Number of protein chains: 2
Amino acid sequence: MGIAERKEREKEEMRELILRAASKIFLEEGYEKTSIRKIADAIEYSPATIYLYYRDKNELLHGLHVEAFQKMMQEFSKIAPINDPFARLVEMGHQYIKFGTQNPELYNLMFLMDAPMEALACRNEIWDDGLRAFDALRIVVADCIEAGYFKEPDVETISMTIWSYIHGLVTIYLKGRMKMFDDDRELERMQQSFALFIKMIKAI
Amino acid sequence: MGIAERKEREKEEMRELILRAASKIFLEEGYEKTSIRKIADAIEYSPATIYLYYRDKNELLHGLHVEAFQKMMQEFSKIAPINDPFARLVEMGHQYIKFGTQNPELYNLMFLMDAPMEALACRNEIWDDGLRAFDALRIVVADCIEAGYFKEPDVETISMTIWSYIHGLVTIYLKGRMKMFDDDRELERMQQSFALFIKMIKAI
DNA sequence: TTGTTTGGTAAACACTGTTTAGTACATTTG
DNA sequence: CAAATGTACTAAACAGTGTTTACCAAACAA
């Protein structure tokens with residue numbers, strides 16, 4: 001019976017159609033302006049239809065959040081060719097900062113917004129995307145330890161500390177909290193801080 | 001002519017009445033549920049009245065944000081008696097983590113939300129509260145340098161790096177991104193990471 | 001050809017921040 | 001003191017928001 005399969009396929013296509021429209025509006029106009037009605041308008045369906053494919057807005061935003069993680073992981077894949085593990089870790093940091101500063105709305109969705117987490121919570125699922133990204137960091141950190149770069153053996157704690165630092169840096173910048181230094185040297189300040197942090201982790 | 005003064009005083013009292021109601025709702029029910037109508041209900045005035053005392057919701061939230069900074073700075077004042085500058089810096093970190101984890105809504109308002117920053121932007125003002133808090137950190141860092149704890153002389157960069165780290169740690173926790181480690185050792189993980197970070201800055 | 005399932009929607013519900021027009025009262029002026 | 005002005009306040013409307021309900025028409029199965 002191929003009819004059920006076709007329906008399943010059509011259902012998936014519709015989910016994708018909605019997600020594409022949502023993604024377009026989200027990236028072009030930001031989260032604030034991404035309303036269910038606007039998405040419905042874009043695909044020329046009624047707002048209620050969206051609720052036949054996504055249980056609520058949180059689920060829809062979670063869908064965008066998954067795509068955002070795919071995009072970030074793709075950026076991370078660029079560092080694979082770097083042989084020296086410490087150089088690879090440093091480059092991973094650069095890529096993270098670059099991704100965050102160039103995709104503010106996505107970064108917000110991935111690491112700050114409640115919506116995608118609430119979608120996971122009500123499905124009793126774990127934050128798999130975050131875990132996979134963190135794993136990518138863990139692996140590089142483990143490689144650094146193995147190569148003798150760090151004396152400290154706790155991969156998890158080192159990784160957490162590195163992520164905390166770089167996430168804090170990016171978030172301070174994205175949320176406009178670096179504008180307090182009146183000058184326009186925000187990105188320069190980030191580079192300087194990052195350089196110092198690299199020096200710091202060299203010593204552990 | 002004391003009549004103008006009285007009116008000025010009454011205006012200030014009304015602003016305070018609104019802020020108190022807003023603060024109460026914000027702390028008890030969170031940002032999401034802090035609506036103009038709810039605040040108006042609480043003080044038994046119409047919603048439109050609030051707009052005679054605050055130009056918009058951003059201004060009102062900025063008012064709460066100022067109070068939040070006062071509260072945090074008060075917590076920071078506890079560290080003054082500590083003589084050793086490095087011990088003072090460590091304790092400042094502890095107080096920061098404590099404040100953030102125990103006042104999630106306030107922390108959000110102070111360091112993540114757009115509203116208070118937009119209120120400042122449209123008044124062409126600088127983020128003075130943030131700057132003062134950062135100054136508190138700068139002073140302790142400068143004391144550490146003077147006492148010979150750090151070889152690195154750039155107070156600004158060191159302070160920025162420390163703030164980034166601790167802000168990142170608190171934010172990851174507050175935004176539920178630490179729940180990916182299924183176990184319930186979130187606070188323990190924070191303590192471990194913080195301990196490692198202290199080790200790291202000892203070496204700069 | 002029935003009967004049932006399915007995909008889609010109009011309209012409503014209960015909210016949101018904000019603005020406008022108008023009222024009742026306090027204050028100032030002639 | 002009375003008339004004119006100024007001020008504090010609000011009801012109602014505007015333009016949105018996420019979400020649910022009741023209903024319709026077309027597709028499917030018997």
Side-chain angles (χ1 to χ4, degrees), chain A residues 1-19 21-22 25-26 29-65 109 113-119 121-123, chain B residues 1-19 21-22 25-26 29-64 109 113-119 121-122:
Chain A
M1 185 83 38
I3 208 159
E5 288 170 18
R6 195 208 61 200
K7 291 227 167 177
E8 188 60 42
R9 208 170 52 234
E10 281 175 350
K11 191 137 192 152
E12 196 44 57
E13 275 167 19
M14 190 66 171
R15 277 179 69 92
E16 192 56 29
L17 181 69
I18 294 167
L19 202 63
I25 296 168
F26 189 85
E29 310 188 49
Y31 162 70
E32 291 277 315
K33 299 203 168 178
T34 308
S35 71
I36 299 288
R37 278 174 180 81
K38 207 162 193 167
I39 297 166
D41 269 6
I43 58 171
E44 293 175 300
Y45 279 84
S46 95
T49 302
I50 291 177
Y51 287 88
L52 300 175
Y53 297 90
Y54 291 91
R55 66 176 296 160
D56 56 22
K57 204 185 177 186
N58 287 345
E59 282 248 335
L60 190 48
L61 288 171
H62 177 263
L64 297 180
H65 148 284
L109 189 62
M113 278 182 57
D114 295 329
M117 293 295 125
E118 277 165 14
C122 85
R123 283 189 290 173
Chain B
M1 187 85 36
I3 209 160
E5 288 170 18
R6 192 208 64 200
K7 290 225 167 176
E8 188 59 41
R9 205 170 56 235
E10 280 174 352
K11 191 136 192 153
E12 197 43 58
E13 274 168 18
M14 189 67 170
R15 279 180 67 93
E16 192 56 29
L17 181 70
I18 294 167
L19 202 64
I25 296 168
F26 189 85
E29 310 189 46
Y31 161 70
E32 292 278 313
K33 301 204 167 179
T34 309
S35 71
I36 299 289
R37 278 174 178 82
K38 207 161 192 169
I39 297 165
D41 269 6
I43 58 172
E44 292 176 300
Y45 278 84
S46 98
T49 301
I50 291 175
Y51 287 88
L52 300 173
Y53 297 90
Y54 290 91
R55 68 175 296 158
D56 56 22
K57 204 186 177 184
N58 286 346
E59 282 247 336
L60 191 48
L61 289 172
H62 178 263
L64 296 181
L109 188 63
M113 280 183 57
D114 294 329
M117 293 294 125
E118 277 165 13
C122 88

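These figures come from a predicted structure and were not determined experimentally. Convention: sequence-line order gives letters A, B, ...; per-chain numbering from 1. Heavy-atom basis, side chains included; hydrogens, waters and symmetry copies ignored.
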Legend entry - Met14(A) CE - dT9(C) C1' separation (whole Å): 12 Å
Inset, instruction - Please state how far atom CD1 in Ile39(B) lies from atom C1' in dC9(D), giving the value in whole angstrom units. - result: 18 Å
Inset, instruction - Could you state the atom-to-atom distance from CG of Leu17(A) to P of dG7(C) in whole Å? - result: 15 Å
Inset, instruction - Sequence neighbours left out, what passes side chain to side chain donor-acceptor pair (under 3.5 Å) with Glu16(B)? Give chain and number order. - result: Arg20(B)
Inset, instruction - Measure from the side-chain heavy atoms of Lys11(A) and tell me the nearest of dG8(C), dG7(C), dC9(D). - result: dG7(C)
Inset, instruction - Determine which pairs satisfy salt bridge (charged side-chain N to carboxylate O under 4.0 Å, His left out) with at least one residue from residues 38-58 of chain A, sequence neighbours left out, and list them in order. - result: Glu29(A)-Lys38(A)
Inset, instruction - Sequence neighbours left out, what passes salt bridge (charged side-chain N to carboxylate O under 4.0 Å, His left out) with Glu118(B)? Give chain and number order. - result: none
Legend entry - Spacing between Asp114(B) atom CG and dG17(C) atom P, to the nearest angstrom: 16 Å
Legend entry - Sugar-phosphate, base or nothing in reach of Tyr54(A), heavy atoms under 4.0 Å: nothing
Legend entry - dT9(C) OP1/OP2 closer than 4.0 Å to side-chain N/O of Tyr45(A): no
Inset, instruction - Let me know the distance between CD of Glu10(B) and P of dC25(C), rounded to the nearest Å. - result: 17 Å
Inset, instruction - Could you pull out all residues at least two apart from Tyr51(A) that satisfy side chain to side chain contact (heavy atoms under 4.5 Å, CB included)? - result: Ile36(A)
Legend entry - Phosphate contact (dG8(C) OP1 or OP2) by Tyr53(A) side-chain N/O below 4.0 Å: yes
Inset, instruction - Return the value, rounded to whole Å, for the distance between atom CD1 of Ile50(B) and atom P of dC9(D). - result: 12 Å
Legend entry - Protein proximity profile, nucleotides 11-24 of chain D - base contact B, sugar-phosphate-only contact S, no contact -, cut-off 4.0 Å on heavy atoms: B-B---BBBB----
Legend entry - Residues that Arg123(A) engages under side chain to side chain donor-acceptor pair (under 3.5 Å), provided they are two or more places apart: Glu59(A), His62(A)
Legend entry - Residue pair Leu60(B) / Ile39(B), side-chain heavy-atom distance below 4.5 Å: yes
